[in-house]
There are 2 protein chains.
Amino acid sequence: MAKDGSTTRDKIIDTAMELSLRQGHVATSIDEVIQHAGITKGSFFYHFPSKKDLAVALIERFSATEMQILQDNLEKANKLSKDPLQQLLIFVGLIQDLHSQLEEGHIGCLFASFSYENQLQDEELQAMASETLIEWKSKLSEKIQEIIKLYPPRQPVNPDDMADMFLATLEGAYVMTRIMHNPEIVQLNLEQYKTYLESQFKPG
Amino acid sequence: MAKDGSTTRDKIIDTAMELSLRQGHVATSIDEVIQHAGITKGSFFYHFPSKKDLAVALIERFSATEMQILQDNLEKANKLSKDPLQQLLIFVGLIQDLHSQLEEGHIGCLFASFSYENQLQDEELQAMASETLIEWKSKLSEKIQEIIKLYPPRQPVNPDDMADMFLATLEGAYVMTRIMHNPEIVQLNLEQYKTYLESQFKPG
DNA sequence: TACTACCAACAGACTAGTTGGTATAAATTA
DNA sequence: TAATTTATACCAACTAGTCTGTTGGTAGTA
């Protein structure tokens, strides 16, 4: 066996992820990536035949890590309560905690970034991002369906749409945080989403 | 008086606005702008000494037009009902109508686009965008305060945060529309926001 | 153990093309 | 006449991507 290139590959992805989330993928040149990663151009193109291949790897990585976060925190919440409404409220709270530790510069969604740069015109990338969002939505939608069965909602609600709204709230909060340079916005908006859930489902 | 350069200047802004919203400002080259606008490079740099000056003009224009849309539709809604809750619900409906006419490619927020490209690191631009968002928020917050006075909310709510949530919902819906290539998402999410308002304030 | 052959991983100079921006002179218009 | 616009040529800096090599280690063989 030869030298293990996976560490270099990971280092490239790590570096490119941080830079692309901060300043956009188009604005992130390969020269910049290799400089920050402390490698050379030859090494970069050995691992990624083109910049588009790097983009694919970034989307893959982002999908995987965020999906993991979603699942981990859903499971965590499921263990902390037996009531599905409480589970979802706890889940949102855990997501809030997660973001409270992040600095302003590290808040954002790679899909959002790519979408505003038109990098998702490529069908492969677009499909990957779409499918990930749909997966997230269906996971949340399942939980909301459990809630609806237990607590008749004040108004007729569609669980898919309510799941969508969580994602939109988060995406919107990211955008506003980046515009206003104020990470607290994520906390406030997720708090609002919890209030929405309670006002819809909490009896009394 | 010499030839009126404001038409050319406007044409540049129009073209650059469309291109920047579609593919990002960094990815929009000056060559591309002048080609689409049907002018020459000399003419471009006569009106905008640098690309950054174009960015300032774009943010200015976007702030102004969106602020106008907000105010127009708030006034329109105010005329269609005397009840503040109904006014806000009608307003959100008008915003929905507005977006139903747009094609997918034309949905997006220039502030969001700039934020994900780190173009708002420039303090001048960041201040302009922030102040515009704060203005939008306070306009909506005023209306929500009226509602709270009339209809005691189910839970203690902060009007500023509820106004924030409208903006975040819209921003998030833009992002998700761009990722999923599905303009209907804006409709669905604003529908959810209306449901939230009703569940919070509607008596019974 | 020593020799040879081999290979993935990496280096860095290099190419071809693009970028924002400049320069300048002539033409057009109010 | 003065402001505006065209046209074209140009620049240094930067871009993604290619090139030819070098390296450290692996594997087979004798």
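Only heavy atoms go into these numbers, but all of them, side chains included; no hydrogens, no water, no symmetry mates. First the proteins, then the strands, lettered A, B, ... as listed; each starts at 1.
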Quiz prompt | Where B:Ile107 and B:Arg178 come nearest, the two heavy atoms and their spacing | solution = O-NH1, 2.8 Å
Quiz item: Between C:dT22 atom C1' and B:Asp31 atom CG, what is the distance in whole Å?
Solution: 14 Å
Practice problem: Using a cut-off of strictly less than 4.0 Å, decide whether A:His47 has a side-chain nitrogen or oxygen near OP1 or OP2 of C:dC10. | Solution: yes
Quiz item: Any Lys/Arg nitrogen of B:Lys149 or B:Glu146 sitting under 4.0 Å from an Asp/Glu carboxylate oxygen of the other?
Solution: no
Practice problem: Would you mind reading off the distance between A:Glu32 atom CD and D:dA16 atom C1', rounded to a whole angstrom? | Solution: 14 Å
Quiz item: Once you round it to whole Å, what is the distance between C1' of C:dC10 and CZ of A:Phe48?
Solution: 14 Å
Quiz item: Is the A:Phe48 ring parallel, tilted or perpendicular to the A:Phe44 ring (thresholds 30°, 60°)?
Solution: tilted
Self-check item: Check against side-chain hydrogen bond (donor to acceptor under 3.5 Å, both in side chains), A:Glu142 and A:Ser138
Solution: CA-CA 6 Å; A:Glu142 281 172 28; A:Ser138 71; 4.9 Å; no
Exercise. Return the residues of residues 50-58 of chain A meeting this criterion: a heavy atom under 4.0 Å from some atom of DNA chain D. Order them by number, or give none.
Key: A:Ser50, A:Lys51
Practice problem: Specify the separation, in whole Å, of atom CD1 of B:Ile30 and atom P of D:dC10. | Solution: 20 Å
Practice problem: Using whole Å, report how far NZ of B:Lys11 lies from C1' of D:dT5. | Solution: 10 Å
Quiz prompt | Separation of C:dC10 P from A:Arg9 CZ (nearest whole Å) | solution = 12 Å
Quiz item: Is there a side-chain contact between B:Leu54 and B:His47 (heavy atoms, below 4.5 Å)?
Solution: no
Self-check item: Sub-4.0 Å heavy-atom contacts from residues 35-46 of chain A onto DNA chain D, ordered by number
Solution: A:Lys41, A:Phe45
Exercise. Consider only side-chain N and O atoms of B:Lys202 and A:Gln155, and report whether a donor and an acceptor are under 3.5 Å apart.
Key: no
What pairs of donor and acceptor atoms, side-chain ones from residues 67-74 of chain B against any protein atom, are under 3.5 angstrom apart with sequence neighbours left out?
residue : atom : partner : partner atom : Å
B:Gln68 : NE2  : B:Asp72 : OD1          : 3.1
B:Asn73 : ND2  : B:Ile69 : O            : 2.7

Quiz prompt | Worked check of side-chain hydrogen bond (donor to acceptor under 3.5 Å, both in side chains) between B:Asp97 and B:Ser100 | solution = CA-CA 5 Å; B:Asp97 289 349; B:Ser100 70; 4.9 Å; no
